**Q** 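Here you go, one structure.
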Protein chains: 2
Amino acid sequence: MQTLRSPTPREALTALSEALEADALVTIYGQCRVAYEGRASSELGTGDRLVVLKPDGAALVHTDEGRTPVNWQPPGSDHAASVRDDALRVRSTRASPDERLDVTFDEVYQLTAMQPTDESDRSLVGSEADLREAVLAEPTLVADWFEPTATERETSAGPVDVFGRDGAGRPVVVELKRRRVGPDAVGQLRRYVDAVEREGGVDREDAVEREGGAGPAPLPVRGVLVAPSVTNRAAALLDEHGFDHAALDPGVVADRRS
Amino acid sequence: MQTLRSPTPREALTALSEALEADALVTIYGQCRVAYEGRASSELGTGDRLVVLKPDGAALVHTDEGRTPVNWQPPGSDHAASVRDDALRVRSTRASPDERLDVTFDEVYQLTAMQPTDESDRSLVGSEADLREAVLAEPTLVADWFEPTATERETSAGPVDVFGRDGAGRPVVVELKRRRVGPDAVGQLRRYVDAVEREGGVDREDAVEREGGAGPAPLPVRGVLVAPSVTNRAAALLDEHGFDHAALDPGVVADRRS
DNA sequence: TGCTGGATCTCGCCA
DNA sequence: TGGCGAGGTCCAGCA
């Protein structure tokens, strides 16, 4: 690890160039201006910021506020350093989409180059995938009549989270959400239900069996939204479309299963 | 600004406590383990990471990869430092939702406390708001028959981006998107069109005028999706609902207007 | 505070 | 590479 305190632009350039070459993780704290041009374009006047350059090509410009960087460049970008008008300039570019981030330092207070080693993977519990596992292990969590037959079942509108039947053999589309949902989730469920309805709501094997017979008699398709809770607008939409809601919290489910 | 190189846990604690007290922006680079518990829960084993603590309560844990921190805490959280088992521990908590982030350092390589001053605001061009301005200034960009009458017009499904009439007096709902859109945007447009249709598609003044007359004869409502481009699935949905698509790129529009 | 939708969303998966 | 949807999304604006 190398750290420079208040380096001259030339000193900073030398250290930064070496660090980028060596695939180091670099932080630069200093007074700077920032310009971005690409998917949108932005300008940021003079101020003190923390700039992080990662060996995978990510670049972050952080002020003293907010979880989100005020400016950034995604991984895969190329970092380059130079001195212009006696000022250190860091430029990060990428193609597709074509975008460019320029950070010009009036003054560099500190520059650090690190070589972190990190073999560890993060394990996360409480995702939608965990919710799906819980539902498959205990389908009555959705409804006492629910019998799942497939996950990620393909439709013309995209894959359905969990697909199955009710006691009367009607197709059931289940959409899973790990948190309280708004109208968008109901719209999503609606698209899947519509698609299954259009396609006759039969599994592929059923379709083959029926092929020689009469045209498909479209079955009514049930839609169930599984989520801890829903907003008023979402509840109204669910009602409007005749969909069901199963109140399931991934955290509670995880506790019960453990 | 203060920087400690390879401090002992006690030295790090002292410096960190002072820095947090002084509302400093703090970076800690070291070998650590991370645990999160709240909306979900996660574990992260030993590795070298860069931790950023902001005076507004934001906390970021960055590895050498990715734009997104591997763990974090949003602004508004409370940071606290302590020494446990001869190791520096940083805990960031917040209520509502109740969540906690713990970072335990096996070793601190460097700790820096900064006092950044940043008065500058970022200006950004190319947002959906810019697209709206362009459409209002030149409605024929949407269609030669389009006459806007309101923005953010309220409906039971939420506010419509731009509302207006076509040449025949039919209500028009316009949904703006700054980039290529998928099925979700069509679903959104559909919800707004449905809502306006249900409500008669009249402006408030019209409704008052008509109140004494016969019941409202629901007008067919037109829907227009304004976006640079649409995916195949979205195009199919637009067609299915009889909605129009106007190809407008916010970047191109910005150039033309400048 | 909750609801709603935008974002240079990011990220992973899959065709 | 593009399409698609999840995310501890974050975030602003508004009721």
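Labels below follow one simple rule: chain letters A, B, ... track the order of the sequence lines, proteins then strands, and each chain is numbered from 1. On a predicted model such as this, the values are computed, not experimentally measured, just so you know.
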**Q** Write down the distance between CZ (A/R153) and C1' (D/dG5), rounded to a whole number of angstrom.
**A**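 Answer to the nearest Å: 18 Å.
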**Q** For DNA chain C, note the earliest and the latest nucleotide, 5' to 3', having some atom under 4.0 Å of a heavy atom belonging to chain B.
**A**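 Reading along DNA chain C, I get C/dT1 to C/dC11.
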**Q** Can you list everything that forms a ring pair (Phe, Tyr, Trp, His ring centres under 6.0 Å) with B/F243? Sequence neighbours excluded, please.
**A**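 Listed in chain order: B/H241.
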**Q** Going by heavy atoms closer than 4.0 Å, what residues in residues 172-188 of chain A are next to DNA chain C?
**A**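 A/R180, A/P183 - these, ordered by number, are the residues of the stretch whose heavy atoms sit under 4.0 Å from the strand.
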**Q** With a cut-off of less than 4.0 Å, is there a side-chain N or O of B/R39 near OP1 or OP2 of D/dG7?
**A**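 No.
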**Q** For B/Y29, what residues pass the ring pair (Phe, Tyr, Trp, His ring centres under 6.0 Å) criterion, not counting sequence neighbours?
**A**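 Only B/Y109 meet the ring pair (Phe, Tyr, Trp, His ring centres under 6.0 Å) criterion with B/Y29.
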**Q** Which comes earlier along DNA chain C counting from the 5' end, the contact point of A/N71 or that of B/G66, where each point is its nearest nucleotide?
**A**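 Closest to the 5' end, via its nearest nucleotide, is A/N71.
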**Q** Is it the case that B/D78 and B/S92 place a side-chain donor and acceptor less than 3.5 Å from each other?
**A**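 Result is no, nothing qualifies.
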**Q** Does anything in residues 46-65 of chain A reach DNA chain D, meaning a heavy atom under 4.0 Å, and if so which residues?
**A**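 None, since no heavy atom is under 4.0 Å.
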**Q** Between C/dT8 and D/dC4, how far apart are the two P atoms, rounded to whole Å?
**A**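 Taking atom P in both C/dT8 and D/dC4, they lie 22 Å apart.
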**Q** Tabulate below the donor-acceptor pairs under 3.5 Å that side-chain atoms of residues 59-66 of chain A make, not counting sequence neighbours, or state none.
**A**
{"from": "A/H62", "atom 1": "ND1", "to": "B/K54", "atom 2": "NZ", "distance (Å)": "2.8"}
{"from": "A/T63", "atom 1": "OG1", "to": "A/E65", "atom 2": "N", "distance (Å)": "3.2"}
{"from": "A/T63", "atom 1": "OG1", "to": "A/E65", "atom 2": "O", "distance (Å)": "3.2"}

**Q** Contact list please: residues 226-234 of chain A against DNA chain C, heavy atoms, distance less than 4.0 Å, in numerical order.
**A**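 Contacts with DNA chain C under 4.0 Å: A/T231, A/R233.
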**Q** Got a list of protein N/O to nucleotides 13-15 of chain D N/O distances below 3.5 Å?
**A**
none

**Q** With a non-hydrogen cut-off below 4.0 angstrom, is B/E128 in contact with a base, only sugar-phosphate, or nothing?
**A**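 Since only primed, P, OP1 and OP2 atoms lie under 4.0 Å of B/E128, the category is sugar-phosphate.
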**Q** Using the C1' atoms only, state how far C/dG5 lies from D/dG7, rounded to an integer number of Å.
**A**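 To the nearest whole Å, 16 Å.
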**Q** Any carboxylate oxygen within less than 4.0 angstrom of a Lys/Arg side-chain nitrogen, looking at A/R132 and A/D130?
**A**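 Judged by the 4.0 Å cut-off on N to carboxylate O distance, A/R132 and A/D130 do not form a salt bridge.
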**Q** Report the C-alpha separation of B/D48 and A/M114 in whole Å, then their side-chain angles, then the decisive distance to 0.1 Å, and conclude whether the side-chain contact (heavy atoms from CB on, under 4.5 Å) test is met.
**A** CA-CA 9 Å; B/D48 296 340; A/M114 294 151 274; over 6 Å; no
**Q** For the residue pair A/T93 / A/R100, report whether a side-chain donor-acceptor contact shorter than 3.5 Å exists.
**A**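 Not at all, the side chains of A/R100 and A/T93 share no donor-acceptor pair under 3.5 Å.
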**Q** Would you mind classifying the nucleic acid contact of A/L101 as base, sugar-phosphate or nothing, using non-hydrogen atoms under 4.0 angstrom?
**A**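 No contact.
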**Q** Only counting residues at least two apart or in another chain, list the ones meeting side-chain hydrogen bond (donor to acceptor under 3.5 Å, both in side chains) with B/S82.
**A**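 Residues passing side-chain hydrogen bond (donor to acceptor under 3.5 Å, both in side chains) with B/S82: none at all.
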**Q** Taking salt bridge (charged side-chain N to carboxylate O under 4.0 Å, His left out) as the test, write out the residues that go with B/R222, two or more places apart.
**A**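 B/R222: salt bridge (charged side-chain N to carboxylate O under 4.0 Å, His left out) contacts with B/D166, B/D244.
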**Q** Looking at every strand, decide which applies to B/P75 at a 4.0 Å heavy-atom threshold: base, sugar-phosphate, or nothing.
**A**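 Answer is sugar-phosphate: B/P75 comes under 4.0 Å of backbone atoms only.
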**Q** After noting the C-alpha distance and the side-chain angles of A/L225 and A/V186, does the key distance pass the side-chain contact (heavy atoms from CB on, under 4.5 Å) rule?
**A** CA-CA 7 Å; A/L225 184 60; A/V186 185; 4.2 Å; yes
**Q** Quickly work out the B/D121 CG to D/dA12 C1' distance and round it to whole Å.
**A**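 After rounding, the reported distance stands at 14 Å.
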**Q** Return the set of residues passing ring pair (Phe, Tyr, Trp, His ring centres under 6.0 Å) with A/Y192 (not counting sequence neighbours), or none when no residue passes.
**A**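 Testing A/Y192 for ring pair (Phe, Tyr, Trp, His ring centres under 6.0 Å), a comparison that skips the adjacent residues, returns none.
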**Q** Measure from CZ on B/R132 to P on D/dA12 and round the result to the nearest Å.
**A**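 Checked: the CZ to P distance equals 17 Å.
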**Q** Taking only residues two or more places apart in sequence, or in another chain, which ones meet B/E138 in a side-chain hydrogen bond (donor to acceptor under 3.5 Å, both in side chains)?
**A**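 Here the qualifying residues are B/T140.
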**Q** Taking the nucleotide of DNA chain C with the closest heavy atom to each, which residue, B/P159 or A/S41, is nearer the 5' end?
**A**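 Comparing both residues, the 5'-ward one is B/P159.
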**Q** Measuring from A/E133:CD to A/S127:OG, what's the distance to the nearest 0.5 Å?
**A**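 Separation between the atoms: 9.0 Å.
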**Q** Look at the side chain of A/S96 and decide which nucleotide, out of D/dG5, D/dT1, D/dT9, has an atom nearest to it.
**A**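 The closest nucleotide is D/dT1.
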**Q** Hey, does A/R94 reach any base, or is it just sugar-phosphate, or nothing, if we go heavy atoms under 4.0 Å?
**A**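 Counting heavy atoms under 4.0 Å across all strands, no contact is made by A/R94.
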**Q** Quick one: is A/Y192 getting a side-chain N or O under 4.0 Å of the D/dC4 phosphate, OP1 or OP2?
**A**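 So the side chain of A/Y192 is outside the cut-off, no N or O lying under 4.0 Å from OP1 or OP2 of D/dC4.
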**Q** Please compare A/R191 and B/A40 by the position of their nearest nucleotide in DNA chain D and report the one closer to 5'.
**A**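 Residue closer to the 5' terminus by nearest nucleotide: A/R191.
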**Q** Check step by step if side-chain contact (heavy atoms from CB on, under 4.5 Å) holds for B/E197 and B/E199.
**A** CA-CA 5 Å; B/E197 215 140 51; B/E199 293 154 21; over 6 Å; no
**Q** Would you classify B/S127 as touching base, sugar-phosphate or nothing, given that sugar-phosphate means primed atoms plus P, OP1 and OP2, and contacts are heavy atoms under 4.0 Å?
**A**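 Since only primed, P, OP1 and OP2 atoms lie under 4.0 Å of B/S127, the category is sugar-phosphate.
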**Q** What integer distance in Å separates B/L237:CG from D/dC4:P?
**A**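 In whole Å, D/dC4 P and B/L237 CG are 9 Å from each other.
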**Q** Inspect the contact between B/R94 and B/E99 and indicate whether a charged nitrogen and a carboxylate oxygen are less than 4.0 angstrom apart.
**A**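 Salt bridge between B/E99 and B/R94, a charged N being under 4.0 Å from a carboxylate O: yes.
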**Q** Indicate whether the side chain of B/T104 and that of B/R33 have a donor and an acceptor atom separated by less than 3.5 Å.
**A**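 Their side chains do not contain a donor-acceptor pair, so the 3.5 Å distance test is not met.
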**Q** D/dG7 P sits how many Å from B/Y36 OH, rounded?
**A**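 Answer to the nearest Å: 13 Å.
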**Q** Minimum heavy-atom separation for B/S156 to B/R198, with atom names?
**A**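 Scanning both residues, the minimum pair turns out to be OG-NH2, 3.4 Å.
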